[in-house]
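Here the structure comes first, spelled out in structure tokens, and everything after it is commentary.
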Amino acid sequence: MFALVDCNNFYVSCERAFNPSLTGKPVVVLSNNDGCFIARSDEAKALGLPMGGPAFKFRDILQKNRVRVFSANFPLYGDMSSRVMATIGDLAPEIEIYSIDEAFVDLGGFSRFGLEHHASRIRSTVRKHTGIPVSIGIGSTKTLAKAASRMAKKNPGYEGVCMLSTRKEISDALTTLKVDDIWGIGRQWNRLLETRNIRTALDYSRTPASWIRKNLHIPGIRIQEELNGHSCLPLEQVRPPKQSICTSRSFGRTVISLDELQQAVATFAGTCARKLREEGSVASMLTVFICTSPFDEPHRKYRGTRTLAMPRPSRDTISVIRTAELALASIYREGFEYKKAGVIVSGLAPASSSEREIALFTEEDTAGNDREKRLMEAMESINRRYGPAAVRIAAENDDAWKPNQAMKSAQYTTAWSDILTLSG
DNA sequence: TCTGGGGTCCTAGGACCC
DNA sequence: TCTGGGGTCCTAGGACCC
């Protein structure tokens with residue numbers, strides 16, 4: 001049996017863990033640039049504030065109800081997530097960390113304790129050790145566990161733990177589960193399914209497989225199998241190496257000049273290089289994209305994207321930035337108000353394999369590679385000691401296009417300076 | 001005035017190979 | 001008269017997830 005442990009309103013719960021006065025009050029957390037709602041407390045949901053809704057359109061509701069509004073504080077949420085996952089892992093070692101606020105665990109070995117009982121123990125321990133409330137769903141497939149966790153969250157009667165085991169429990173659950181609440185069914189597919197009058201998970205589970213195969217392809221078939229109790233999605237305890245790494249941002253204001261875009265793109269490229277080194281990978285390709293706001297008039301819209309091969313597979317800041325600059329120069333067009341840009345590195349391979357390949361090249365290349373590597377190591381050791389951007393490549397600069405974050409809470413668990421604000 | 005960021009998988013179509 | 005079959009790789013785009 002699989003269990004899904006799912007943190008309730010995760011980012012809001014993180015804010016509450018350090019600020020108990022938020023308990024019982026409506027709270028929202030905003031995306032970068034204080035744009036959209038990305039987390040809402042139950043009280044905020046009850047006010048009709050939608051997930052992903054743009055904050056400026058709900059200003060009245062926010063003010064009238066004294067909603068507590070926070071800018072996103074991802075270092076805090078990431079650190080709280082690690083603590084939650086570590087606590088779960090202590091009580092259920094076969095764990096797949098699925099997202100920042102969710103983990104699948106295999107409860108197979110715990111049947112003699114009673115699965116629901118053990119799940120309750122996980123729930124109360126996480127609450128006690130981290131302050132984060134979680135809901136837990138148990139089922140014979142990941143998709144059923146997901147559905148169960150939804151029920152656990154929605155109905156207080158379950159006290160945070162819902163297990164689907166008998167045939168009747170499963171079919172009752174599938175009858176109440178709307179098709180677009182199934183894990184893996186999004187907006188487009190929901191629209192298509194509606195036209196066929198497929199409205200509940202039970203309808204979906206009984207739809208001819210040939211039709212699903214034709215219209216929703218392999219992923220659709222997997223969902224159907226999983227709803228019918230045939231597990232297709234195994235627990236992935238070891239995260240597979242990343243295939244691509246992306247760094248992108250919306251700008252705090254519109255950016256017009258190539259010069260400013262270059263600064264932004266170089267900074268994102270530098271971040272990608274650092275992420276590559278963390279991942280232990282090298283990249284063979286690099287993509288740059290720039291775009292205007294999707295809400296602009298059609299004639300003012302532009303999206304440019306360009307993929308280039310790296311001169312050789314690398315994770316060196318300088319060569320990643322250089323390649324990104326070439327790509328940017330080829331897509332930049334004058335006269336547009338750019339709102340967002342990003343760098344994606346792909347064609348990733350383990351760094352160790354590339355070192356062997358480099359050894360096949362000429363003497364100079366080997367020397368160059370070695371010099372790059374030592375330079376990166378030196379930069380990183382300086383930055384570890386003196387702060388994240390103590391030394392950087394001159395092209396990197398986040399002054400001009402930095403996102404706005406007006407209402408950010410302190411980094412209670414990751415910055416010493418911010419802990420002082422707690423006690424002070 | 002003001003609308004996030006980081007991923008994966010799948011398909012289709014074109015280039016190219018033998 | 002009339003022009004195969006099978007494969008890979010790459011890119012772009014669209015779907016999904018959190």
Side-chain angles (χ1 to χ4, degrees), chain A residues 4-7 9-11 28-39 49-60 62 69-74 77-78 81 96-104 142-143 146 149-150 179-193 212-223 232-233 236 239-254 268 271-272 275 279 284-287 289 291-296 303-309 337 339-348 403-407:
Chain A
L4 176 70
V5 186
D6 193 345
C7 300
N9 316 329
F10 181 55
Y11 300 159
V28 295
V29 174
L30 303 180
S31 62
N32 262 346
N33 279 314
D34 297 336
C36 306
F37 304 127
I38 54 172
L49 301 173
M51 186 62 172
F56 74 91
K57 285 193 177 171
F58 296 90
R59 180 154 301 167
D60 284 353
L62 294 175
V69 180
F70 290 88
S71 301
N73 187 347
F74 291 112
Y77 310 149
S81 173
E96 170 188 342
I97 297 171
Y98 174 67
S99 72
I100 194 165
D101 68 339
E102 285 169 89
F104 286 103
K142 283 180 163 181
T143 306
K146 236 350 205 180
S149 81
R150 210 191 143 73
V179 85
D180 62 331
D181 292 329
I182 303 171
W183 185 38
I185 305 285
R187 269 217 320 279
Q188 298 300 316
W189 287 3
N190 182 46
R191 211 175 294 159
L192 176 68
L193 291 167
I212 294 181
R213 173 70 187 84
K214 180 155 179 281
N215 295 280
L216 275 55
H217 319 291
I218 306 287
I221 290 290
R222 276 191 203 129
I223 293 167
C232 309
L233 305 169
E236 293 178 17
R239 180 173 67 75
K242 288 195 170 130
Q243 299 176 28
S244 66
I245 290 173
C246 171
T247 306
S248 72
R249 288 288 176 282
S250 293
F251 303 139
R253 57 178 180 79
T254 54
F268 303 154
T271 304
C272 280
K275 290 179 180 173
E279 182 78 8
S284 61
M285 288 182 292
L286 180 147
T287 305
F289 67 87
C291 54
T292 53
S293 166
F295 306 99
D296 274 347
R303 181 185 169 84
T305 166
R306 182 75 195 270
T307 302
L308 293 180
E337 298 187 346
K339 208 43 198 165
K340 182 177 179 177
V343 174
I344 304 163
V345 287
S346 55
L348 304 194
N404 303 317
Q405 288 203 300
M407 296 156 287

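Letters A, B, ... are given to chains in the order of the sequence lines, protein chains preceding strands, and every chain is numbered from 1. Please read these numbers as outputs of a predicted model, since none were measured by experiment.
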Review point. Sequence neighbours excluded, which residues qualify as side-chain hydrogen bond (donor to acceptor under 3.5 Å, both in side chains) partners of A:Lys275?
Key: A:Thr247

Study note, to complete from the structure: side-chain hydrogen bond (donor to acceptor under 3.5 Å, both in side chains) filter on A:Thr254, not counting sequence neighbours, yields none

Practice item. Determine the Euclidean distance between corresponding C1' atoms of C:dG4 and B:dC17; express it in Å to zero decimal places. Key: 14 Å

Practice item. Using salt bridge (Lys or Arg N to Asp or Glu O under 4.0 Å) as the criterion, list what pairs up with A:Asp181, not counting sequence neighbours. Key: A:Arg150

Check your understanding: Partners of A:Glu236 by salt bridge (Lys or Arg N to Asp or Glu O under 4.0 Å), sequence neighbours excluded?
Key -> none

State whether [X] places a side-chain N or O below 4.0 Å from either non-bridging phosphate oxygen (OP1 or OP2) of [N].
{"X": "A:Lys340", "N": "B:dT3", "value": "no"}
{"X": "A:Ser248", "N": "B:dG4", "value": "no"}
{"X": "A:Lys339", "N": "B:dC2", "value": "no"}

Take atom [atom1] of [X] and atom [atom2] of [N], then tell me their distance rounded to the nearest Å.
{"X": "A:Ile344", "N": "B:dG5", "atom1": "CD1", "atom2": "P", "answer": "13 Å"}
{"X": "A:Phe268", "N": "B:dG5", "atom1": "CZ", "atom2": "C1'", "answer": "11 Å"}
{"X": "A:Phe37", "N": "B:dG5", "atom1": "CZ", "atom2": "P", "answer": "17 Å"}
{"X": "A:Met51", "N": "B:dG5", "atom1": "CE", "atom2": "P", "answer": "14 Å"}

Review point. Can you tell me which stems DNA chain B forms when a stem means 3 or more consecutive Watson-Crick or G-U pairs under 3.5 Å?
Key: B:5-18 with C:5-18

Review point. Using centres under 5.5 Å plus planes under 30 degrees as the test, is A:Phe56 stacked with B:dT1?
Key: no

Point to revise | Contact nearer the 5' end of DNA chain B, comparing A:Pro54 with A:Gln243 | key: A:Pro54

Point to revise | A:Cys246 vs A:Arg59, nearer the 5' end of DNA chain B by closest nucleotide | key: A:Arg59

Heavy atoms only, 4.0 Å cut-off, all strands: where does [X] land among base, sugar-phosphate and nothing?
{"X": "A:Lys242", "value": "sugar-phosphate"}
{"X": "A:Thr247", "value": "sugar-phosphate"}
{"X": "A:Arg222", "value": "sugar-phosphate"}
{"X": "A:Leu30", "value": "nothing"}

Check your understanding: Given side chains that start at C-beta, do those of A:Asn33 and A:Arg249 come closer than 4.5 Å, heavy atoms only?
Key -> no

Review point. Within a strict 4.5 Å, meaning less than it, do heavy atoms of the A:Val5 and A:Phe104 side chains meet?
Key: no

Study note, to complete from the structure: Those residues at least two apart in sequence (or on a different chain) that pass side-chain contact (heavy atoms from CB on, under 4.5 Å) with A:Pro241 are A:Glu279

Check your understanding: Among all residues two or more places apart in sequence or in another chain, which pass the side-chain contact (heavy atoms from CB on, under 4.5 Å) test with A:Cys246?
Key -> A:Ser248, A:Ile344

Check your understanding: Which residues pass the ring-ring contact (aromatic ring centres under 6.0 Å, His included) test with A:Phe289, sequence neighbours left out?
Key -> none

**Study point:** Any side-chain donor near an acceptor of the partner, A:Ser71 and A:Asp34, under 3.5 Å
**Key:** yes

Point to revise | Where protein sits on nucleotides 7-18 of chain C, one letter per nucleotide: B base, S sugar-phosphate only, - none, heavy atoms under 4.0 Å | key: ----S---SSSS

